[in-house]
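In what follows, a structure is listed as structure tokens, so that the remarks can point back to it.
All heavy atoms count here, side chains included; hydrogens, waters and symmetry mates do not. Note that the coordinates shown come from a computational prediction; the quantities given were computed from them, not determined experimentally. Just follow the structure's listing: the first ligand is 1, and inside any ligand the first atom is 1.
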Amino acid sequence: MRIAIVGTGYVGLVSGACFAEMGAMVTCVDIDSSKIDSLKNGIIPIYEPGLKELVDRNVSAGRLEFTTSLENCINDVEAVFCAVGTPPDDDGGADLSAVKSVAHTFGKCITRFNVLVTKSTVPVGTANIVRDIVSEELALRGADIDFEIASNPEFLKEGAAIKDFMSPDRVVIGVEGERSRMVMERLYRPFLLSNFRVIFMDIPSAEMTKYAANAMLATRISFINDIANLCELTGADVNMVRKGIGTDARIGSKFLYPGCGYGGSCFPKDVKALMRTGEQFGYRMRVIEAVEAVNESQKAIVGTKLKKALGSLKGKKIGVWGLAFKPETDDMRLAPSLTLIEMLLKEGATVSVYDPVAMNECRRRIGNAVHYASDMYDAAVDADAVALMTEWKAFRIPSWSAIKKVMKGNVVIDGRNIYTASEVNSEGLQYHCIGKP
Ligand SMILES: NC(=O)c1ccc[n+]([C@@H]2O[C@H](COP(=O)([O-])OP(=O)(O)OC[C@H]3O[C@@H](n4cnc5c(N)ncnc54)[C@H](O)[C@@H]3O)[C@@H](O)[C@H]2O)c1
């Protein structure tokens, strides 16, 4: 079975490599020619554990190839997956220009039945827009060619993307006809064999499922952060409360970690886009509005704690541990670390940063506005305070005595609640975390 995947980013490249691993012949397409050149030369443009080995293996086996031209491969494939970016537009909705551009190419180029599958996260109703574009393009060239639209939202997590794709909790597929259903069934059959659930539904429900899932997860994060902030004021310990509620099977313990807010390429934009869809349909998403408002203030919480502990930030040196929006990725899109760094620089502090994989990404984004340290200890040299922003494994058991020795001050802010007060205090350092008095 041959397929094309358009958009060779976190989702497209992982999906392409994983489908190839299952035996499909996959052509990955991207308009970014430098990305395609890198991939052709065996260089993976993003950091994702295990991805290089997977890509190399499938390229060598002849099942995975890269091109900038969808036109050239579209009539060799049975389905075209659209996995291009859908960043926020000016009013908070999803910018669908890349999705629409793929639909135009599809309509202009197909010469026989084909299925256009949207894997990008797109607002409910997008499939209708995509279908109309394809139909218009076919009409323009007087072509009477059958096609079907499908929706196959992706639920992988950066940092565990390959495992998530290969062993998903579920695969959601929205279809409008039997032919696309058969194509999708064939492609996902290996996952059915492993007893993973493939859930077929109508297209609007599939489109909505992705937003509902991300909004639910974001809600849990903002919920526990709200509780954490109240714990700080009232003398309760959010870590205890989290355990206390997480053991209730109806609640569960996942995604209930207090911290410095959610970031990344999905939750912030998808929460906004869901509110925008509500607005367009005359419905106010009040829970989601609150989720976003709590997160916005939570992203500033480490900066606020630093200010409180140090008095003023002017002239102070702050070491920042972790830049990526979460561990095991180099993705810094809307990372809480960026909110903190911006605030520190604005208040006149100097900043020294360290992240195990996102240093180049940080340089690309903010250049020399900060000092780039060689490790977490180097970032602490002469620092008045250090702040943990991403809970990388390598940060979990530091030598506090070595940190105390190199620091000028003694303030430690734990933005992800991974340390304990006793271990940090034992070296004469002052410990602050989220949700404890
Ligand atoms: N990153 C995640 O963890 C994740 C998880 C689930 C769903 N999603 C969704 O998947 C989609 C893609 O996300 P991503 O993180 O992979 O994005 P990304 O920015 O990493 O990759 C998108 C790619 O699409 C390419 N592109 C843009 N326009 C194009 C066009 N017209 N033709 C060909 N290529 C084009 C870009 O050059 C880029 O390489 C988004 O809708 C996102 O919301 C992302």
Side-chain angles (χ1 to χ4, degrees), residues 4-18 27-39 44-49 51 66-74 80-89 93-109 116-123 126 130 133 151-165 168-172 206-207 209-215 217-218 262-274 324-335 361 364:
I5 300 197
V6 189
T8 310
Y10 287 89
V11 168
L13 184 56
V14 169
S15 307
C18 289
T27 305
C28 282
V29 184
D30 206 289
I31 41 164
D32 183 341
S33 55
S34 63
K35 207 174 244 191
I36 293 299
D37 286 344
S38 300
L39 285 161
I44 308 292
I46 52 169
Y47 175 82
E48 182 61 45
L51 188 56
F66 303 100
T67 178
T68 51
S69 168
L70 176 60
E71 293 86 339
N72 286 349
C73 64
I74 198 163
V80 174
F81 281 74
C82 176
V84 297
T86 47
D89 63 14
D95 177 349
L96 296 176
S97 50
V99 172
K100 289 180 186 171
S101 145
V102 175
H104 279 289
T105 309
F106 186 92
K108 278 190 178 115
C109 298
L116 180 51
V117 187
T118 303
K119 202 168 235 325
S120 303
T121 303
V122 294
T126 301
V130 167
I133 291 173
S151 164
N152 176 210
E154 183 50 57
F155 297 94
L156 62 76
K157 300 183 287 296
E158 286 173 26
I162 294 169
K163 188 188 148 290
D164 284 349
F165 197 92
D169 290 337
R170 76 325 203 170
V171 174
V172 169
E207 291 172 332
T209 298
K210 175 64 193 176
Y211 283 97
N214 276 358
L217 296 171
Y262 60 76
S265 64
C266 292
F267 290 0
K269 83 169 170 59
D270 293 349
V271 159
K272 272 198 168 61
L274 188 56
F325 85 93
K326 67 174 181 179
E328 301 298 333
T329 182
D330 59 348
D331 198 341
M332 284 184 67
R333 286 178 277 189
L334 296 173
E361 179 59 12
R364 194 182 69 76

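In this structure, the side chain of Thr8 engages the main chain of Val29 through a donor-acceptor pair within 3.5 Å. Within the 3.5 Å criterion, the main-chain N or O of Ala161 finds a donor-acceptor partner in the side chain of Glu48. Looking only at distances, no side-chain donor or acceptor of Thr27 sits under 3.5 Å from a matching main-chain atom of Ala4. At distances below 3.5 Å, at least one donor-acceptor pair connects side-chain atoms of Ser38 with backbone N or O atoms of Ser34. Side-chain atoms of Ser120 come within 3.5 Å of backbone N or O of Cys82 as a donor-acceptor pair.
Near ligand 1, residues Val6, Gly7, Thr8, Gly9, Tyr10, Val11, Asp30, Ile31, Asp32, Lys35, Ala83, Val84, Gly85, Thr86, Ala98, Ser101, Ser120, Thr121, Glu154, Leu156, Glu158, Lys210, Ser265, Cys266, Lys269, Arg333 come within 4.0 angstrom through at least one heavy atom.
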Would you list the atom pairs, donor with acceptor, under 3.5 Å between side chains in residues 262-271 and any protein atom, with sequence neighbours excluded?
residue: Lys269; atom: NZ; partner: Thr86; partner atom: OG1; Å: 3.4
residue: Asp270; atom: OD2; partner: Asn214; partner atom: ND2; Å: 2.7

